[in-house]
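Residue numbers start at 1 and run along the sequence shown.
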Amino acid sequence: MKTIIAEKPSVAREIAGLLGASDKKDGYLTGNGYFVTWAFGHLIGLGMPEDYGISGFDKASLPILPNPFLLTVRKVKKDKGYTADTGALKQLKVIEQLFKQSNSIIVATDAGREGELIFRYIYEYLKCNKPFERLWISSLTEKAIKQGFDNLKDGTAFDGLYQAAQGRSRADWLVGINATQALSIAAGNGIYSLGRVQTPTLALICKRYLDNKNFTVKKYWQIQLTHNKAQIDFKSISATKWEEKQLADDTLKAIKRGATATVTSVETKSVTEQPPLLFDLTGLQKEANKRLKLSAEATLNIAQSLYEKKFITYPRTGSKYIPEDMWVEIPNLVRALQNREDCKQALTKIKWGRFNKRIVNDLRVTDHHGLLITDKVPSVLNADEDKIYNMIALRLLEAISQACIKEITDVSLQVLHYDFTAKGCKIQEAGWRSIKGSFTDDGEEPAQELPELHKGDELAIKEAAVLEKQTKPPVLYTEAGLLSAMETAGKEIENEEERKALKNIGIGTPATRAAIIETLFTRNYIQRDKRSLIPTEKGLQVYELVKERKIADVAMTAEWELALQKIENNEANAGTFQKEMETYAKSITDELLQTTIASTNQPKLTCPKCKSQQLIIRDKIVKCPDEACNWVQFRTVCGVQISIENITSLVNKGKTSLIKGMTSKAGKKFDAYIILKENAESSFEFEKNKSSKRNGK
């Protein structure tokens, strides 16, 4: 007998159906010489400090450097501690029995770093020594699974992948556990979570927020002219940007007294815009955030669902290319889309026999190729799945289309002694831009059509106006912008040699970036302001403490990602990497234990209920320490974080300022004051003194 282990029950059922293992048992299927079972994601993980006999946050125990690292069954929170997940224990017993009854194992967990880790941790925890082979597939179609079983690979071929996954897992433990405990001990006021990737990501958000907030907006003025030639209206703009409106107004008066514009130069060039490559996961998440306002995590979940339904290939990919041997499949995928209503218009623009092979590059394919549809085309999907599927399908059609060729014209004009410029664009070959019919990128103004112009032409001025403009601060990060910054963290590095070394190396991986962003929300370090990501008070407090330290440095985190890639490719030693991480954990622990968190930020407030105790202020709640009194006020009310200023106002004056943008249970936005009633319970008061009986806690 052979045991096949998948990552999820749904994938196990697909495989079992193909192999004729149709006999259902508790926790597995069997038949035709196979047991087919599954994990539920990470059944086994690294032990926590209490597994090493260290309870609570103890300065004397830091740094904690496990030797060896212990593996434990997944735990769930219960009361004030953690206990083994009963579902995980039960499934683990099933897996153990099947392994014992088998001659060999076939690993069918997701084909990537985390999928490898899920299996290897189970294998190691059960002290199994049975030989194993690897099923390495990029889609769950019947054809892909059959091909995968025809080409099973020796499990040891993936030792580098496992060592990189294990190295990442241990590094996150060493940095996260030690740094979090050290800073929390130093603070003595709640838990301050730090992490190998989460902290530099928080630093990106905080730095951008502060740069935006501290930016001094300056006004300036330009003059815009309207001309007409050969029945075509077009505009030009002054090269001068006046810092005083009066100077611009004076120039405008002079122009209006009958000045003409003289063309001083005309430059025309042909610009070739290559089609975009296929989506990798980060690219898809960025596009879905921009166009559909979906979070990175939501996009990943939708893509995973489409993958498990066999409509798209493996989504957790970091590549935008396909290997040469897959190119023959592309025409079939395009033909399959003829049955999809949303793609029929785009398919009329495709030039058969002239497909662009730009996406083919064996050297740029990582664990998995770029995101593709499969030949199984969906007929019914939910609204978000439908939109994500269409994005992937239309991107394929764009990627195999020809380049878009534009004629760009730059015109220089002179009016009086002032320089003006006009820019025009003419599409010569639409190419890939015809698929969606969009000829400019997001945020770009559509370029105007220009008449034929020559040097020396005199142009009348139909209209002239002063435009008031202002300098723009660095834009706050949206999730799309943050994903880009995480993906290209190396670009931000000032040292040129480091920047070259870390080119195309980001922080986190396509598979983990969404989870990192969600962790920052969970920790109450960031919040959404419409579509922007901004830090909370707690997030800014943590940033101020660590911004000068290595733990917040994207360059160092990017270097670690580079080291993990080398381990995966058997070009670096995992043991050396772990030693470096232990050394770093020691130094960051020592640094953070010296830190003092200024308590000046926290006002001293007396409990409004018992009138005797000083309130304890945390990032999520404000509470009275007297259990008999038990007064508590949550810091997040109807989705909005209540500031320290408003907490102070509520406790001392019985009322906050007007809090905007709260969300009711029905999903409706509203503005209200939070007030304290006579019994010290909080409630809402609406403008015009319309009080609500709803409780504000």
Side-chain angles (χ1 to χ4, degrees), residues 1-21 25 27-46 68-74 88-140 144-170 314 316 366-368 511 567-570 574:
M1 292 291 279
K2 287 187 178 183
T3 292
I4 299 167
I5 180 166
E7 198 164 311
K8 290 181 178 176
S10 57
V11 178
R13 284 193 291 271
E14 290 292 337
I15 293 170
L18 276 176
L19 298 176
K25 302 287 184 183
Y28 67 102
L29 298 109
T30 185
N32 214 13
Y34 292 103
F35 296 127
V36 185
T37 189
W38 53 84
F40 295 111
H42 288 273
L43 285 182
I44 302 294
L46 295 179
F69 272 92
L70 299 176
L71 294 177
T72 62
V73 180
R74 183 169 66 210
L89 281 170
K90 183 183 173 189
Q91 188 60 16
L92 200 61
K93 275 203 166 57
V94 171
I95 294 167
E96 184 174 23
Q97 291 306 314
L98 298 180
F99 281 4
K100 283 178 179 173
Q101 294 172 52
S102 300
N103 303 318
S104 65
I105 300 162
I106 295 172
V107 185
T109 50
D110 283 358
R113 203 186 270 178
E114 289 310 297
E116 191 68 20
L117 192 67
I118 285 168
F119 165 69
R120 297 283 190 126
Y121 272 178
I122 292 170
Y123 186 81
E124 193 178 317
Y125 181 81
L126 295 176
K127 296 184 170 54
C128 184
N129 55 12
K130 299 283 171 77
F132 60 92
E133 295 173 290
R134 191 64 161 98
L135 175 71
W136 194 266
I137 53 176
S138 284
S139 96
L140 287 175
I145 294 171
K146 281 181 175 172
Q147 282 179 345
F149 272 98
D150 289 340
N151 294 285
L152 290 172
K153 301 175 192 296
D154 189 297
T156 55
F158 298 91
D159 285 352
L161 182 67
Y162 166 52
Q163 284 165 3
Q166 185 188 54
R168 193 274 313 150
S169 171
R170 290 177 173 183
Y314 187 63
R316 289 174 167 84
T366 51
D367 291 346
H368 295 277
I567 292 167
E568 189 170 316
N569 299 329
N570 298 308

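Here Leu19 contributes atom CG and Asn32 contributes atom CG; the two are 7.5 Å apart, rounded to the nearest 0.5 Å. Considering CD1 of Ile105 and NZ of Lys2, their distance stands at 11.5 Å, rounded to 0.5 Å. Lys93 NZ to Leu126 CG: the interatomic distance, rounded to the nearest 0.5 Å, is 10.5 Å. Here CD1 of Ile106 is found 9.0 Å from OG1 of Thr3. Values are rounded to the nearest 0.5 Å. Between the CG atom of Leu71 and the NZ atom of Lys127 there is a distance of 9.0 Å, given to the nearest 0.5 Å. In this structure, the separation between OH on Tyr121 and OG on Ser169 is 3.0 Å, given to the nearest 0.5 Å.
Using bins of under 30°, 30° to 60° and over 60° for the plane-to-plane angle, the ring pair Tyr28/Phe35 lands in the perpendicular bin.
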Begin from the C-alpha positions of Glu568 and Arg113 and carry the test side chain to side chain contact (heavy atoms under 4.5 Å, CB included) through to its verdict.
CA-CA 9 Å; Glu568 189 170 316; Arg113 203 186 270 178; 3.3 Å; yes
Please determine whether side chain to side chain contact (heavy atoms under 4.5 Å, CB included) holds for the pair Glu116 and Arg134, giving the CA-CA distance in whole Å, both sets of side-chain angles, and the decisive distance to 0.1 Å.
CA-CA 9 Å; Glu116 191 68 20; Arg134 191 64 161 98; 2.7 Å; yes
Test side chain to side chain contact (heavy atoms under 4.5 Å, CB included) on Ile95 and Tyr125 and set out the steps.
CA-CA 11 Å; Ile95 294 167; Tyr125 181 81; over 6 Å; no
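Side-chain contact between Ile44 and Leu92 is present, with at least one heavy-atom pair separated by less than 4.5 Å.
In this structure, a donor-acceptor pair under 3.5 Å is present between the side chains of Gln91 and Thr37. Under the 3.5 Å distance criterion, with hydrogens and angles disregarded, a donor-acceptor pair is assigned to the side chains of Glu124 and Tyr162.
Between the side chain of Arg74 and the backbone N or O of Gly45 there is no donor-acceptor pair closer than 3.5 Å. Checked by atom type and distance alone, the side chain of Lys8 never pairs as donor or acceptor with a backbone atom of Gly41 at under 3.5 Å. Judged by distance alone, with hydrogens and angles left aside, the side-chain atoms of Thr109 form no donor-acceptor pair with the main-chain N or O of Ile5 at under 3.5 Å. No side-chain donor-acceptor contact under 3.5 Å links Lys153 to the backbone of Trp136. At least one donor-acceptor pair closer than 3.5 Å links the side chain of Glu7 to the backbone N or O of Asp110.
Smallest separation of non-hydrogen atoms from Ala6 and Ala12: CB-N, 3.8 Å. Closest non-hydrogen pair, Gly27 versus Val94, comes out as O-CG1, 3.7 Å. For Leu161 against Gly112, the heavy-atom pair with the smallest separation is CD2-O, 3.8 Å. The minimum heavy-atom distance linking Leu135 with Gly148 is given by the pair CD1-C, 3.4 Å. Here the closest non-hydrogen pair linking Met1 and Gln101 is CB-O, 4.0 Å. Looking at every heavy atom in both residues, Ala574 comes nearest to Ile567 through CA-CD1, 3.9 Å.
Listed by first and then second residue, the ring pair (Phe, Tyr, Trp, His ring centres under 6.0 Å) pairs involving residues 90-120 are Phe119-Tyr123, Phe119-Phe132 (not counting sequence neighbours).
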